[in-house]
Amino acid sequence: MTGTVLTTRRVDAYHALTVVAPGIAEHLRPGHFVAVAVGGPQSSMLTRRSFSVHDVKPDYGGTVELVFTVRGPGTSWLADRRARDTLDVVGPLGRPFPLPRDPVNCVLVGGDYGSATLFGLADALQRRGCRVDFVIGAESADRVFGALRARRMGETTTLTTEDGSLGMRGKVTDVLPGVIADVRADVVYACGPMETLRGVTAVAIEFDIPVQVSVEEAMACGFGVCMTCVLPVIGEDGITRMVRACVEGPVFRGERVRFEDVGTIPFDAAGAPGAPSASTTPASPGGGGGPRNVS
């Protein structure tokens, strides 16, 4: 649909852009993402840019807010949009976060602007009676997104920065074990850089609790045609398949993502030379991300 830009603002190192998009806002769930055409009619670029959604509001029939950082000409063009400009937006896309049926203790972990997608999830969890605790981190204070909102929403909020400029010095994975133990967490949800998700998953496995991760993979089309966002995921039948983060994800069960093999095709993946015979139809990877906003 064609959406109208309502507001734009800077949030430390990031840009936040709110678009009036009633049809998308109505059906969007935490973990869904949208794809935006960039460049304008005179200089449009071939591929769309995919973004997680920070906020959805009923204003003007429904608005969505995107949070992103400038990486190249596409996101640079988007950062220059102003109120009343129009955008070509497709969404909601992907599979959202699965929600627990019963009230449980949830730890939400965000890295960099990946934490933006966690606040809609926190709302949904709290409406189901779940306890929500946040762990949010980044390299420096200006790259920690949503610290104040997390403090307002969460039972507890733990902040980390690698340079020590805000909260505890270190990474989210350094403090996560203590938080899980202190709050007796039943499940972990995470969104952020792939290396962060890999570490968060390892911690959750150590505590033997489920972990849902919204992966950051570069997406060109956003709906499963281009195959640029494939990654190796273990299906319920134990067979690894190369699945599309934009369609089968971007949310997956963390323990099923073969993080050490992301960017490659493992020798034992279905369809790889010498791999055991298996159907190429993805067996449910268990989840329902956070797409990387490419340039």
Side-chain angles (χ1 to χ4, degrees), residues 7-18 30-31 33 49-55 64-72 75-76 78-81 106-123 125-126 131-183 185 188-204 211 213-216 289-295:
T7 62
T8 63
R9 59 191 177 102
R10 287 297 301 269
V11 184
D12 294 326
Y14 305 117
H15 296 264
L17 184 150
T18 300
F33 67 95
R49 303 300 187 263
S50 296
F51 302 95
S52 297
V53 174
H54 170 228
D55 216 352
V64 297
E65 184 178 65
L66 317 176
V67 176
F68 61 96
T69 186
V70 172
R71 293 181 181 271
T75 44
S76 179
L78 191 63
D80 288 336
R81 298 309 92 201
C106 307
V107 175
L108 276 54
V109 184
D112 298 332
Y113 63 92
S115 58
T117 195
L118 297 178
F119 297 106
L121 173 62
D123 275 333
L125 291 170
Q126 289 174 334
R131 172 182 170 131
V132 171
D133 295 86
F134 286 95
V135 179
I136 295 176
E139 293 182 0
S140 56
D142 65 323
R143 305 195 75 83
V144 174
F145 183 86
L148 291 179
R149 187 173 181 185
R151 284 171 170 158
R152 289 196 299 266
M153 295 183 68
E155 292 289 332
T156 66
T157 297
T158 304
L159 305 176
T160 70
T161 48
E162 294 180 33
D163 65 1
S165 54
L166 179 66
M168 302 178 66
R169 181 184 294 272
K171 301 180 178 181
V172 292
T173 47
D174 296 330
V175 301
L176 183 58
V179 174
I180 290 175
D182 289 345
V183 306
V188 173
Y189 293 89
C191 186
M194 294 295 273
E195 190 58 32
T196 298
L197 300 183
R198 179 179 182 176
V200 169
T201 296
V203 173
V211 54
V213 299
S214 179
V215 301
E216 290 194 349
R292 179 189 305 163
N293 81 260
V294 294
S295 64

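- Distance check: Ile136 CD1 to Cys191 SG gives 11.0 Å after rounding to the nearest 0.5 Å.
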Quiz item: So Phe68 and Leu17, side-chain contact (heavy atoms from CB on, under 4.5 Å) or not? Walk me through it.
Solution: CA-CA 9 Å; Phe68 61 96; Leu17 184 150; 4.2 Å; yes

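- Looking at heavy atoms from C-beta onward, Leu121 lies in side-chain contact with Leu118 at the 4.5 angstrom threshold.
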Please list every donor-acceptor pair under 3.5 Å in which a side-chain atom of residues 146-153 meets a protein atom from a residue at least two apart or in another chain.
| unit_1 | atom_1 | unit_2 | atom_2 | d |
| --- | --- | --- | --- | --- |
| Arg149 | NH1 | His54 | NE2 | 3.1 |

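- How far OG1 of Thr157 is from CG of Asp133: 7.5 Å, rounded to the nearest 0.5 Å.
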Self-check item: Audit row: Val11, Val67, side-chain contact (heavy atoms from CB on, under 4.5 Å) steps and yes/no
Solution: CA-CA 9 Å; Val11 184; Val67 176; 6.0 Å; no

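- With rounding to the nearest 0.5 angstrom, the CZ atom of Arg81 is 10.0 Å from the OG1 atom of Thr8.
- Between the side chain of Thr161 and the backbone N or O of Leu166, at least one donor-acceptor pair lies under 3.5 Å.
- For the pair Val200 and Ala190, the tightest heavy-atom approach, listed with the atom from each and the gap, is CG1-CB, 3.9 Å.
- Distance alone, capped at 3.5 Å, places no donor-acceptor pair between the Ser165 side chain and the Ser140 backbone.
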Quiz prompt | Residues Asp174, Thr160; criterion side-chain contact (heavy atoms from CB on, under 4.5 Å); working and verdict | solution = CA-CA 9 Å; Asp174 296 330; Thr160 70; over 6 Å; no

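- Here the closest heavy-atom approach between residue Gly137 and residue Val144 is recorded as C-CG2, 4.3 Å.
- Nearest approach of Phe134 to Ala122, heavy atoms of both residues: CZ-CB, 3.7 Å.
- Formation of a donor-acceptor pair under 3.5 Å by the Thr117 side chain with backbone atoms of Gly114 is not found in this model.
- Partner of Arg131 under the side-chain contact (heavy atoms from CB on, under 4.5 Å) criterion, out of Val107, Leu125, Thr156: Thr156 alone.
- Scanning both residues, Ala16 and Glu65, for their nearest heavy atoms gives CB-OE2, 3.8 Å.
- In this structure, Ser115 contributes its side chain and Phe145 its backbone to a donor-acceptor pair below 3.5 Å.
- Counting non-hydrogen atoms of other residues, nucleotides and ligands closer than 6.0 Å to CD of Gln126 gives a total above 12.
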Exercise. Evaluate the criterion side-chain contact (heavy atoms from CB on, under 4.5 Å) for residue pair Glu139 and Asp163; output intermediate values, then yes/no.
Key: CA-CA 6 Å; Glu139 293 182 0; Asp163 65 1; over 6 Å; no

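- Between Asp112 and Tyr14 there is a side-chain heavy-atom pair separated by less than 4.5 Å.
- Between Arg143 and Glu162 there is no salt bridge, since none of the side-chain N atoms of the basic residue sits less than 4.0 Å from a carboxylate O of the acidic one.
- Contact of the Thr75 side chain with the Phe51 side chain is registered, since non-hydrogen atoms from C-beta on lie closer than 4.5 Å.
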